[in-house]
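The basis for the numbers below is simple: all heavy atoms, side chains too, and nothing from hydrogens, waters or symmetry mates. Order of the sequence lines sets the chain letters (A, B, ...), proteins ahead of strands, with each chain counted from 1. Please read these numbers as outputs of a predicted model, since none were measured by experiment.
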Amino acid sequence: MQPRTLPRGRAAVLRAVTGCRGRREEQALHCLVCKLGLASDVVLATALLVRYGKRGLLGPAQRLFDDMRRRDAVAFNAMLAALGASGRAADARRLFDRMPERDRTPASWNTLLTCYCRAGDLASARTVFEASLRAATSSVVSWNAMVDGYCKAGRMDAARELFDRMGSSLRDVITYNTMMAGYLRRGDPAAAIAMFRRLAREEEQTLRPTAVTIATVVTACTQVGDFAFGRAVHLSTRQLLGTSTDAVLSNALMDMYFKCGSVDRALEVFSTMPGAPNLFCWNTVIAGLGRNGRGEDAVRAFRDMVQTSKKINAVKPDSVTFVALLSACSHSGLVREGRELFAEMLPAHGVAPGAEHYGCMVDLLCRAGLLGEAVQLVRTMPVRPNAKVLGCLLLHARSSGDGVTASEWAARRIVELDVRDGAAYGLSNLYASLQRWDHVERHRSAAVASGKEPGRTSYDPQIPHVR
DNA sequence: TTAGGGTTAG
């Protein structure tokens, strides 16, 4: 790069740094910055610092910060955030106190507040919050950060108190999104839906739901099973948000439609998504097809995923993908496919089979009546079988008349396992879950007997995924 | 540079 083109080159490097994904890319760009003699550029150094900070690489972040010849407010705040991301609230506090007065922006106060929240020190966070109120540096962001701190700590009552104190003049859509997510996290999707209804009712004139709002309320609907309301929200907000729904919203919608058996609608969302589907979306599609008895389609979707990812920015299957895929095979009795996919996990996709994948295989083999093979698999598996793997084996062995030996073997291993874990706790959990399995089994038999069969639509790989 | 969201075996 010639000195003459440097200003343009600098802009390009900056864009690359803010847009890069992987760790290797970051390091390569850091090298490039140094080689180009741009290391003293505060803006570039800060951009790199932010990347390292988010990744929790405090060492390189701190070095970049220390090497800066002059530091502006943005650099200080980026360093505060980096410390916060690594849970170093005390260090963040020291840096904050050291900061020159003119460099202390509202963002500095808010970042420090978030540092304490992340570290679980709500009392100190509250002190910073109150101080920022007095220093008149607070904004709706400070309130939202404090509300979120309480939500993440599970203190919904304290969050609600602040929410009420804010009043409708201060609250924005993020305040609502934060509260909704808080209720959802605490396992109270009904309260999240009530919050959404309140937003729609009271703030109708002033606040508009965003894609985040819709994604959150749709997830809440899925959890309570209120698919009618979820569907209504989807339809009524389609115009509101325009056609460009984002990936997370698409994912939440697909998950809802799959879980209520509307495979068509789920696939419609998938095919009309903006941009290329990410890992979450593929995993949802594979799990959703499997859950609806479309094992073949799930395998086809997986093959599509692998093919598509070769062209566009790599989406590589992960551990979740294979849990979804193998259980899809298991549900549809695809023994051969399941075996093949299990065998290619590590060599072809770089995902080492874990206990959960062995669990899927044990289930697959047991359902196909291959109890002996399942036992053999558990005997030779390189990872320690967990209670779920052994429990699965035990369950199948008990229900198949000839499984006495296998059943005894599994029970013995379970006892060994729990003795090694040194707790009767695990054992009682296991028996509790065994009882739940029995319940599930009874439930399933009843559903089959009543002739409930999901409707059939094939996964169509011809649908264009990318526009 | 500061606040909010998604997938996982029986």
Practice task
Mind running a 4.0 Å heavy-atom check of residues 62-83 of chain A against DNA chain B and sending the residues that fall below it, in number order?
Solution key: A:V74, A:N77

Fill in the blank from the handout: Of B:dA9, B:dT2, B:dG4, the nucleotide closest to the side chain of A:A107 is B:dT2

Practice task
Look at all strands and tell whether A:T210 reaches a base, only sugar-phosphate, or nothing, counting heavy atoms closer than 4.0 Å.
Solution key: base

Handout entry: Nucleotide nearest A:V50 (side chain, heavy atoms from C-beta), chosen from B:dT1, B:dT8, B:dT7
Key = B:dT1

Problem - side chain to side chain contact (heavy atoms under 4.5 Å, CB included) against A:S236, all qualifying residues, sequence neighbours excluded - result: none

Handout entry: Atom-to-atom span, OH of A:Y257 to C1' of B:dG6 - whole angstrom
Key = 16 Å

Fill in the blank from the handout: The nucleotide from B:dA3, B:dG6, B:dA9 with an atom nearest the side chain of A:T114 is B:dA3

Practice task
Establish, with yes or no, whether the OP1 or OP2 oxygen of B:dT8 is under 4.0 angstrom from a side-chain nitrogen or oxygen of A:K259.
Solution key: yes

Handout entry: Base B:dG6 paired with A:N278 side chain (donor-acceptor, <3.5 Å)
Key = yes

Handout entry: Interatomic distance, A:Q223 CD vs B:dG5 C1' [rounded to whole Å]
Key = 12 Å

Practice task
Go through B:dT8, B:dG5, B:dA9 for me and flag the one nearest to the A:N386 side chain.
Solution key: B:dA9

Exercise for the section: Would you mind telling me which of B:dG4, B:dT2, B:dA9 lies closest to the side-chain atoms of A:H331? Expected result: B:dA9

Handout entry: Atom pair distance, as rounded to whole Å: CG in A:L365 and C1' in B:dA9
Key = 13 Å

Problem - Nearest-angstrom distance from the residue atom CG of A:D172 to P of B:dG5 - result: 14 Å

Exercise for the section: Decide if atom CZ of A:R88 counts as having more than 12 heavy atoms of other residues, nucleotides or ligands within a radius under 6.0 Å. Expected result: no

Practice task
Could you check whether A:I214 gets within reach of a base, just the sugar-phosphate, or nothing at all, counting any heavy atom under 4.0 Å?
Solution key: nothing

Problem - Rounded distance (Å) that lies between atom P of B:dG6 and atom CG of A:D255 - result: 10 Å

Handout entry: Per A:V320 side chain, nearest of listed nucleotides B:dG4, B:dT8, B:dA3
Key = B:dT8

Exercise for the section: Go through B:dT7, B:dG4, B:dA3 for me and flag the one nearest to the A:V212 side chain. Expected result: B:dG4

Fill in the blank from the handout: Side-chain contact check for A:A215: nearest option of B:dG6, B:dA3, B:dG5 is B:dG5

Handout entry: Derivation of the side-chain hydrogen bond (donor to acceptor under 3.5 Å, both in side chains) call for A:N283 and A:D318
Key = CA-CA 9 Å; A:N283 287 352; A:D318 70 349; 3.3 Å; yes

Exercise for the section: Look at atom CZ of A:R198 and say whether more than 12 heavy atoms of other residues, nucleotides or ligands are closer to it than 6.0 Å. Expected result: yes

Problem - No-H, no-angle donor-acceptor pair, A:D246 side chain to B:dG5 base, under 3.5 Å - result: yes

Practice task
Would you kindly give the CG-to-P distance between A:N283 and B:dT8, to the nearest whole Å?
Solution key: 9 Å

Exercise for the section: Scan A:R171 against the nucleic acid and name what it touches under 4.0 Å (heavy atoms): base, sugar-phosphate only, or nothing. Expected result: nothing

Practice task
Output the single nucleotide from B:dA3, B:dT8, B:dG4 whose closest atom is nearest the side chain of A:N177.
Solution key: B:dG4

Problem - Residue pair A:R384 / A:Y358, side-chain donor-acceptor N/O under 3.5 Å - result: no

Handout entry: Polar pair under 3.5 Å, donor/acceptor by atom type, side chain A:T216, base B:dG4
Key = no

Practice task
Using only side-chain N and O atoms of A:R185, determine if any of them is under 4.0 Å from OP1 or OP2 of B:dG4.
Solution key: no

Handout entry: Basic-acidic side-chain contact under 4.0 Å: A:D304, A:R300
Key = no

Practice task
Compare side-chain N and O positions of A:K152 against OP1 and OP2 of B:dA3 and report whether any pair is under 4.0 Å apart.
Solution key: no

Practice task
Please tell me which of the listed nucleotides, B:dA9, B:dG6, B:dG5, lies nearest to the side chain of A:A181?
Solution key: B:dG5

Exercise for the section: Look at all strands and tell whether A:D318 reaches a base, only sugar-phosphate, or nothing, counting heavy atoms closer than 4.0 Å. Expected result: nothing

Exercise for the section: Take atom CG of A:D363 and atom P of B:dA9, then tell me their distance rounded to the nearest Å. Expected result: 11 Å

Exercise for the section: Would you please indicate yes or no on a ring centroid separation below 6.0 angstrom for A:H234 and A:F227? Expected result: no

Practice task
Starting at atom CH2 of A:W109, determine the distance to atom P of B:dA3, rounded to an integer number of angstrom.
Solution key: 17 Å

Handout entry: For A:A343, side chain to side chain contact (heavy atoms under 4.5 Å, CB included) partners two or more places apart
Key = none

Fill in the blank from the handout: side chain to side chain contact (heavy atoms under 4.5 Å, CB included) test vs A:L334 passes for just one of A:E337, A:H331, A:R336, namely A:E337

